[in-house]
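Inspection log for the structure reproduced underneath, given as structure tokens.
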2 protein chains.
Amino acid sequence: MADGVHDSSWLPRSIRAAWGMEERPGRGPKPGLSLERIVDAAIRLADRDGLDAVSMSRVAKELGASTMALYRYVDAKDELLQLMVDAVYGPPPSPAANGESVRAALDRWARAELAVYRAHPWTLRVPITGPPITPNAVRWFESGLRSLGETRLTENEKMETVLLLSVYVRGIESVMREVREAFLQTARTDEDAMSVYEQSLARLIEGQDLPALQRAIASGVIGAEDEPDEEFTFGLERILDGIDAYVAWRAANPAEDS
Amino acid sequence: MADGVHDSSWLPRSIRAAWGMEERPGRGPKPGLSLERIVDAAIRLADRDGLDAVSMSRVAKELGASTMALYRYVDAKDELLQLMVDAVYGPPPSPAANGESVRAALDRWARAELAVYRAHPWTLRVPITGPPITPNAVRWFESGLRSLGETRLTENEKMETVLLLSVYVRGIESVMREVREAFLQTARTDEDAMSVYEQSLARLIEGQDLPALQRAIASGVIGAEDEPDEEFTFGLERILDGIDAYVAWRAANPAEDS
DNA sequence: GCATAACTGCGTATGTTATACACAGTGATG
DNA sequence: CATCACTGTGTATAACATACGCAGTTATGC
């Protein structure tokens with residue numbers, strides 16, 4: 001157990017490569033491809049035709065290479081997906097600057113994450129399969145943590161706070177997007193779809209004992225088109241309110257082991 | 001446009017069947033299967049072997065039928081997945097009872113949703129593909145809305161509040177579970193995996209400029225095993241704090257159109 | 001200079017997947 | 001009794017991830 005536990009050999013090769021931890025062996029022919037080119041091609045495909053269009057053979061075709069060539073750079077498709085997501089994240093927003101409130105910094109952080117999902121919606125369909133270990137994912141986490149650096153939250157609470165935010169941003173945009181897309185498959189325009197859904201849902205629950213939903217439908221909110229970030233902002237404000245209150249509380253009641 | 005918009009024919013057949021809206025036609029042989037039996041068999045498979053084990057052919061085998069027989073009850077696999085999820089949701093918790101606070105009721109609601117995910121983790125891997133239209137999903141929404149019935153939130157805000165909660169519960173349990181499972185693939189026991197991750201992550205970011213993460217790691221929180229619902233509860237409390245504050249604010253500042 | 005070993009790319013093969021289609025039997029309705 | 005809608009099934013298709021082995025390539029050790 002002397003050294004085996006301390007090395008990073010459990011990391012997939014391609015992830016290590018993304019961290020720049022892969023020695024280039026001199027032997028053998030020069031690689032015609034590169035991890036970066038493969039990831040870029042896959043992102044291009046996903047941006048254009050959606051995540052379902054990202055198959056190993058299509059990515060290879062995009063590069064003019066054979067399917068199996070990709071497996072010299074990536075052990076499994078799953079790794080490629082992780083690297084695609086990491087690449088579109090890019091560098092995180094800067095942490096709380098001098099004089100910026102924790103709330104403002106976290107608000108920036110959350111909206112920056114939202115912007116990534118808006119720019120590359122397929123990201124939301126890549127399943128999370130483990131802790132953040134890719135470079136940009138780790139850096140985003142760092143940036144969030146650092147904005148909480150001046151507070152008296154415990155280290156654990158800081159992590160939980162960042163996790164809370166990140167889970168919310170991803171989750172809300174994911175449902176909102178899927179709902180919108182389901183609507184668009186039913187009707188041509190957004191409003192058409194919404195009103196079809198509203199009326200059909202109204203009919204569906206007509207005889208049922210669902211008064212709260214019926215009131216919501218009657219109020220017309222479902223078919224109504226609000227400003228684009230309405231739902232996102234409402235939830236985010238509630239969360240930031242809660243975090244703010246807790247940060248203030250912790251300032252007055254510091255944890256013993258902090 | 002006279003009637004076509006107002007009927008529910010845009011709903012998949014199997015979803016209509018789940019609502020009990022499908023007339024039984026007298027013609028033809030008696031069905032040997034039923035939607036319910038198919039969904040049950042699929043759930044049994046998912047509980048036992050995970051969501052990946054749920055293929056149309058395996059579900060059919062479980063029932064002693066042919067693969068294609070399932071398509072007489074379900075138009076696509078996606079519908080089957082929706083119905084599986086709906087079935088394990090079951091009926092929602094009761095809405096706020098007399099004298100119960102909004103906060104307590106929403107807390108019960110969130111923890112009931114968590115319990116579903118704990119009982120059937122594969123649910124978290126079924127992608128959301130549209131608005132809630134299955135019976136239990138709609139009833140859960142209704143229950144959440146009803147707990148907010150006595151508040152002065154607008155109908156839209158009530159929906160956004162329920163959505164916020166639901167997104168959080170699903171999201172946090174989903175990441176926590178995937179992270180835990182990724183750890184378990186690396187090491188035998190939970191603690192082993194955690195400490196391997198901790199030490200490897202420490203080594204990974206050793207040379208990097210990631211001070212906040214390094215402090216978090218140094219504090220030992222990553223490898224530490226807290227009580228099982230620690231992360232879930234922390235985020236939930238922040239959210240409920242934020243909702244509570246907003247409900248109180250709305251009580252003093254009612255919306256004009258409510 | 002040359003043999004070797006490590007490496008890259010590729011063609012082929014395998015097993016699995018969802019689902020389209022056509023056909024055979026079935027049973028109530030005209 | 002004929003019709004016709006319905007159920008179950010076998011076959012076929014196209015796509016998928018990926019294991020394997022071979023052929024060609026290049027720096028290293030002699």
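The chains referred to below are lettered A, B, ... by the order of the sequence lines, with proteins before strands, and numbering in each begins at 1.
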To the nearest angstrom, the OH-C1' distance between A/Y71 and C/dC10 comes to 14 Å
Practice task
Could you check if a side-chain atom of B/S166 sits within less than 4.5 angstrom of a side-chain atom of B/E113, using non-hydrogen atoms only?
Solution key: yes
Taking for B/A69 and for B/P29 the nucleotide of DNA chain D with the nearest heavy atom, the one nearer the 5' end belongs to B/P29
Rounded to whole Å, the CZ-P distance (A/R13 to C/dT8) equals 8 Å
Hits for side-chain hydrogen bond (donor to acceptor under 3.5 Å, both in side chains) against B/T67, two or more places apart or cross-chain, chain-then-number order -> none
- Side-chain heavy atoms of A/R48 within contact of A/E62, under 4.5 Å: yes
Check whether the side chain of B/R27 and the base of C/dG27 form a donor-acceptor pair under 3.5 Å. no
Under the rule of Watson-Crick or G-U wobble with both distances under 3.5 Å, where | means paired to another strand and [ ] a crossing pair, DNA chain C maps to ||||||||||||||||||||||||||||||
(message) Less than 4.5 Å apart, side chain to side chain, heavy atoms only: is that true for B/Y73 and B/L80?
(response) no
Looking only at C/dC21, C/dG9, D/dT7, the nucleotide nearest the B/P31 side chain is D/dT7
A/D52 atom CG is separated from D/dA15 atom P, nearest whole Å, by 14 Å
Result for 5'-nearest mapping on DNA chain D, choosing between B/L70 and B/G28, is B/G28
With the side chain defined as heavy atoms from C-beta on, A/M68 is closest, among C/dT19, D/dC16, C/dC10, to C/dC10
Contacts of B/M56 and B/R72 projected onto DNA chain C by closest heavy atom; the upstream (5') one is B/M56
Subject >> Donor-acceptor contact below 3.5 Å, side chain B/D86 vs main chain B/A137 >> reply: yes
Taken to the nearest whole Å, CZ/B/R58 to P/C/dT16 is 8 Å
Point to revise | Any B/K30 side-chain nitrogen or oxygen under 4.0 Å from OP1 or OP2 of D/dG8 | key: no
Exercise. Touch check for B/T67, heavy atoms < 4.0 angstrom, all strands: base, sugar-phosphate only, or nothing?
Worked result: base
Looking at A/S57, I'd like to know whether one of its side-chain N or O atoms comes within less than 4.0 Å of OP1 or OP2 on D/dC16.
yes
Just by distance, do the side chain of B/R37 and the backbone of B/L63 share a donor-acceptor pair under 3.5 Å? no
In whole angstroms, the gap separating C1' of C/dA18 from CG of B/L80 amounts to 12 Å
Original post:
In terms of heavy-atom contacts, does CZ of B/R125 have more than 12 from other residues, nucleotides or ligands at under 6.0 Å?
Top reply: no
**Asked** Are OP1 or OP2 of C/dG11 and a side-chain N or O of A/S66 less than 4.0 angstrom apart?
**Response** no
Between OH of B/Y73 and P of C/dT19 the distance, given in whole Å, is 18 Å
Report task. Please work out whether the ring planes of B/W140 and B/Y89 are parallel, tilted or perpendicular, with thresholds of 30° and 60°. Result -> tilted
Separation of C/dA18 atom P from B/D75 atom CG, nearest Å, is 15 Å
Atom CD1 of B/I38 and atom C1' of D/dT7 are separated, to the nearest Å, by 12 Å
